[in-house]
Amino acid sequence: AMSARDIVDLLRNGKVSPQELVSSSAERAKQVDSDVNAMVTTCYDRAQNRIGGLSKLDADHPGYLAGLPIGIKDLSAVSGVRLTKGTLGMKDHVADANDPIVDILEERGGLVVGKTNTPEMGAGGNTFNAVFGKTRNPWDTTKNAGGSSGGAAVSLATGEVWLSHGSDLAGSLRTPAAYCGVVGMRGSAGRVLGGPAPIGFTLEGVSGPMARTVADCALFLDAMSGYDARAPLSLPAPDEPFQNAVERVNCKVRIAYAPTLGGFAPIESELDAIMQAALGQLADEGAKIDQDCPSLDGLNETYITLRGLVWASTAGRLPQEIQQHYKKTLAENIEVGRNQTVEQVMDANLNRTTLYQTMRVFLEQYDVLATAVVGIEQT
């Protein structure tokens with residue numbers, strides 16, 4: 001139940017051991033995971049065996065985790081651990097090397113204790129697949145946990161781990177965080193060492209941190225950040241830790257509330273009321289709130305084109321013995337990417353820039369564009 005930052009302080013001061021934490025994580029998973037199906041592959045022995053080799057080189061780094069157990073989404077490779085990506089064609093696959101994001105987290109003292117559930121290839125806003133089944137909402141197990149980082153969000157909400165890695169193409173860090181009452185952050189492209197996709201120059205899929213508090217999320221983002229030559233878009237870590245930015249937060253921000261994003265997405269009245277109440281609390285703390293929205297012309301068409309390119313270039317290039325098991329929606333998204341015209345791709349790249357410039361100008365007036373993560377309830 002303690003925060004990740006408090007636990008890391010205890011680890012740094014020798015008041016709790018990594019061995020104790022790995023055992024605690026395993027015990028908590030034993031208590032709850034049969035109800036929620038979040039941590040679908042575990043590797044507690046691997047975590048215990050790595051404790052003696054924990055690197056002290058990064059002990060002064062603001063993101064040093066000092067032996068904290070963490071989860072990794074089952075789209076990213078952890079050496080010696082099953083990597084299924086939620087698809088039957090890979091149900092017995094074992095990774096022989098880490099993805100770069102796992103390397104940097106282990107170098108900074110993270111101990112991977114398991115892989116968290118995801119929809120097939122990370123495609124979907126509801127976490128289920130034919131290998132492991134459904135991940136259930138930790139607050140009401142008759143409901144879903146969102147996706148695609150649903151297993152990660154649930155592992156946090158149930159206390160199986162203190163920090164859990166996720167990834168995001170179209171809300172996959174943010175949607176399950178909202179459904180499960182935790183924090184998921186999609187950073188700018190390059191801020192974290194890429195998503196699990198094998199295409200190094202994509203801007204769409206990114207890895208990112210999930211945690212139970214904003215401060216813990218900042219700790220995990222510090223742990224994830226840094227340049228790696230294997231990730232061509234990766235950025236150096238910032239001069240100031242993200243945790244410092246959280247500590248010196250100023251509530252006097254300018255917020256534009258766009259409940260439907262200018263008519264783009266409907267919102268249920270109950271959710272709108274909850275959003276307005278939350279914004280009212282911020283206004284009481286000194287924030288300035290307006291109802292405003294930038295022009296988002298062409299947003300949906302641009303996104304669908306770019307998404308199609310990602311799926312066709314990644315899941316769509318795997319061997320046929322894997323692709324033959326794909327669910328209908330994933331196969332359809334791949335076909336969208338394969339069948340696009342050069343004109344559509346050019347239009348999407350041009351309009352992406354137009355949308356960026358529109359947002360850049362809009363955010364000269366505001367610090368935040370606020371909207372509901374998901375505007376309608378899903379069951």
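Quick caveat: nothing in here was measured; it's all calculated off a predicted structure.
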Practice item. For the pair Gln340 (side chain) and Gly308 (backbone), establish whether a donor and an acceptor sit closer than 3.5 Å, ignoring hydrogens and angles. Key: no
Point to revise | Any donor-acceptor N/O pair, Thr202 side chain to Ile199 backbone, under 3.5 Å | key: no
Review point. Out of curiosity, does Leu68 fall in the hydrophobic cluster containing Ile72 (side-chain heavy atoms, cut-off under 4.5 Å, transitive links)?
Key: yes
Practice item. Look up atom NZ in Lys85 and atom CG in Asp74, then write down how far apart they are to the nearest 0.5 Å. Key: 9.5 Å
Review point. Is a side-chain N or O of Gln281 found less than 3.5 angstrom from the main chain of Ala278, in a donor-acceptor match?
Key: no
Revision key, fill the gap. Between Ala170 and Tyr303, the two heavy atoms sitting closest are CB-OH, 2.9 Å
**Study point:** Contact check, side chains of Val206 and Val192, non-hydrogen atoms, under 4.5 Å
**Key:** no
Review point. Should we count NZ of Lys327 as having more than 12 external heavy atoms under 6.0 Å?
Key: yes
Point to revise | Hydrophobic cluster membership, Val310 vs Ile322, 4.5 Å side-chain cutoff | key: yes
Exercise for review: Determine, step by step, whether Tyr326 and Met121 satisfy the side chain to side chain contact (heavy atoms under 4.5 Å, CB included) criterion, reporting the C-alpha distance in whole Å, the side-chain angles of both residues, the deciding distance to 0.1 Å, and the verdict.
Suggested key: CA-CA 9 Å; Tyr326 287 170; Met121 293 291 167; 3.6 Å; yes
Check your understanding: Under 4.5 Å between any side-chain heavy atoms of Leu88 and Val131, yes or no?
Key -> yes
**Study point:** Trp311 side chain reached by Val336 side chain, heavy atoms, under 4.5 Å
**Key:** no
Check your understanding: Given Lys73, which of Ser207, Ser164, Ser148 fulfils the side-chain hydrogen bond (donor to acceptor under 3.5 Å, both in side chains) condition?
Key -> Ser148
Revision key, fill the gap. Which of Asp284, Val368, Ile289 passes side chain to side chain contact (heavy atoms under 4.5 Å, CB included) with Leu279? It is Ile289
Study note, to complete from the structure: The side-chain hydrogen bond (donor to acceptor under 3.5 Å, both in side chains) partners of Gln357 (sequence neighbours excluded) come to Arg360
Check your understanding: Do the side chains of Arg46 and Val78 get nearer than 4.5 Å, heavy atoms only?
Key -> yes
Check your understanding: Is a donor on one side and an acceptor on the other found under 3.5 Å between the side chain of Ser149 and the backbone of Ser167?
Key -> yes
Check your understanding: Which heavy atom of Ala29 sits nearest a heavy atom of Tyr44, and at what distance?
Key -> CB-OH, 3.3 Å
Point to revise | Non-hydrogen atoms of Ser155 and Ala38 that approach each other most closely | key: N-CB, 3.8 Å
Point to revise | Leu21/Leu111 under side chain to side chain contact (heavy atoms under 4.5 Å, CB included): CA gap, chis, key distance, verdict | key: CA-CA 10 Å; Leu21 292 179; Leu111 292 174; over 6 Å; no
Review point. Do Asn351 and Thr302 have side-chain N/O donor and acceptor atoms under 3.5 Å apart?
Key: yes
Study note, to complete from the structure: Rounded to the nearest 0.5 angstrom, the CZ-OG1 distance for Arg82 and Thr41 is 4.5 Å
Check your understanding: Should Ile255 and Asp367 count as side-chain neighbours, where that means a heavy-atom distance under 4.5 Å?
Key -> no
Check your understanding: Within the distance-only criterion (no hydrogens, no angle test), does the side chain of Asn250 pair as donor or acceptor with the backbone N or O of Lys252 below 3.5 angstrom?
Key -> yes
Point to revise | Asn144 side chain vs Gly146 backbone, donor-acceptor pair below 3.5 Å | key: yes
Study note, to complete from the structure: Taking every heavy atom of Asp168 against every heavy atom of Leu173, the minimum-distance pair comes out as OD2-N, 2.9 Å
Study note, to complete from the structure: Value for CZ (Arg136) from CG (Asp33), rounded to nearest 0.5 Å, stands at 12.5 Å
Review point. Just by distance, do the side chain of Asp228 and the backbone of Arg230 share a donor-acceptor pair under 3.5 Å?
Key: yes
Check your understanding: Should Leu235 and Met185 be counted in the same cluster of Ile, Leu, Val, Met, Phe, Trp and Tyr side chains packed under 4.5 Å apart?
Key -> no
Study note, to complete from the structure: Heavy-atom nearest pair, Ile51 first then Val22, reads CD1-CG2, 4.5 Å
Point to revise | Rounded distance [0.5 Å steps], CG in Leu330 versus CD in Gln323 | key: 8.5 Å
Exercise for review: Give the minimum heavy-atom separation between Leu11 and Pro18, together with the two atoms involved.
Suggested key: CD2-N, 3.7 Å
Check your understanding: Under 3.5 Å, is there a donor-acceptor pair between the side chain of Ser17 and the main chain of Glu20?
Key -> yes
Point to revise | Heavy-atom check, side chain of Asn244 versus side chain of Glu247, under 4.5 Å | key: yes
**Study point:** For Trp162, the option from Asp6, Ile7, Val8 that meets side chain to side chain contact (heavy atoms under 4.5 Å, CB included)
**Key:** Ile7
Check your understanding: Between Val214 and Phe242, is any pair of side-chain heavy atoms under 4.5 Å apart?
Key -> no
Exercise for review: Calculate, to the nearest 0.5 Å, the distance between atoms OG and CE belonging to Ser24 and Met2 respectively.
Suggested key: 11.0 Å
Exercise for review: Identify whether Leu219 and Leu193 are in the same connected component of the hydrophobic contact network (ILVMFWY, side-chain heavy atoms under 4.5 Å).
Suggested key: yes
Point to revise | The single option from Thr116, Thr118, Thr127, Asn117 passing side-chain hydrogen bond (donor to acceptor under 3.5 Å, both in side chains) against Thr135 | key: Asn117
Exercise for review: Measure from the side-chain N and O atoms of Glu301 to the backbone N and O of Ala348, and report whether any donor-acceptor pair falls under 3.5 Å.
Suggested key: no
Practice item. Report yes if the side chains of Arg248 and Glu240 come closer than 4.5 Å at any heavy-atom pair, otherwise no. Key: yes
**Study point:** Donor + acceptor pair across side chains of Lys115, Thr84 (<3.5 Å)
**Key:** no
Check your understanding: After noting the C-alpha distance and the side-chain angles of Arg191 and Leu221, does the key distance pass the side chain to side chain contact (heavy atoms under 4.5 Å, CB included) rule?
Key -> CA-CA 9 Å; Arg191 174 50 61 206; Leu221 185 57; 4.1 Å; yes
Point to revise | Criterion side chain to side chain contact (heavy atoms under 4.5 Å, CB included) on Arg28 and Met39, from CA distance to verdict | key: CA-CA 11 Å; Arg28 183 60 178 160; Met39 192 83 72; over 6 Å; no
**Study point:** Under 3.5 Å side-chain donor-acceptor pair for Glu160 and Thr158
**Key:** yes
Review point. At what distance, to the nearest 0.5 angstrom, does CG of Leu105 lie from CZ of Phe220?
Key: 5.0 Å
Point to revise | Flag, side chain of Asn137 to backbone of Tyr179, donor-acceptor distance under 3.5 Å | key: yes
Exercise for review: Using the rule that two of Ile, Leu, Val, Met, Phe, Trp, Tyr join whenever any of their side-chain heavy atoms come within less than 4.5 Å, decide whether Val112 and Val161 are in one cluster.
Suggested key: no
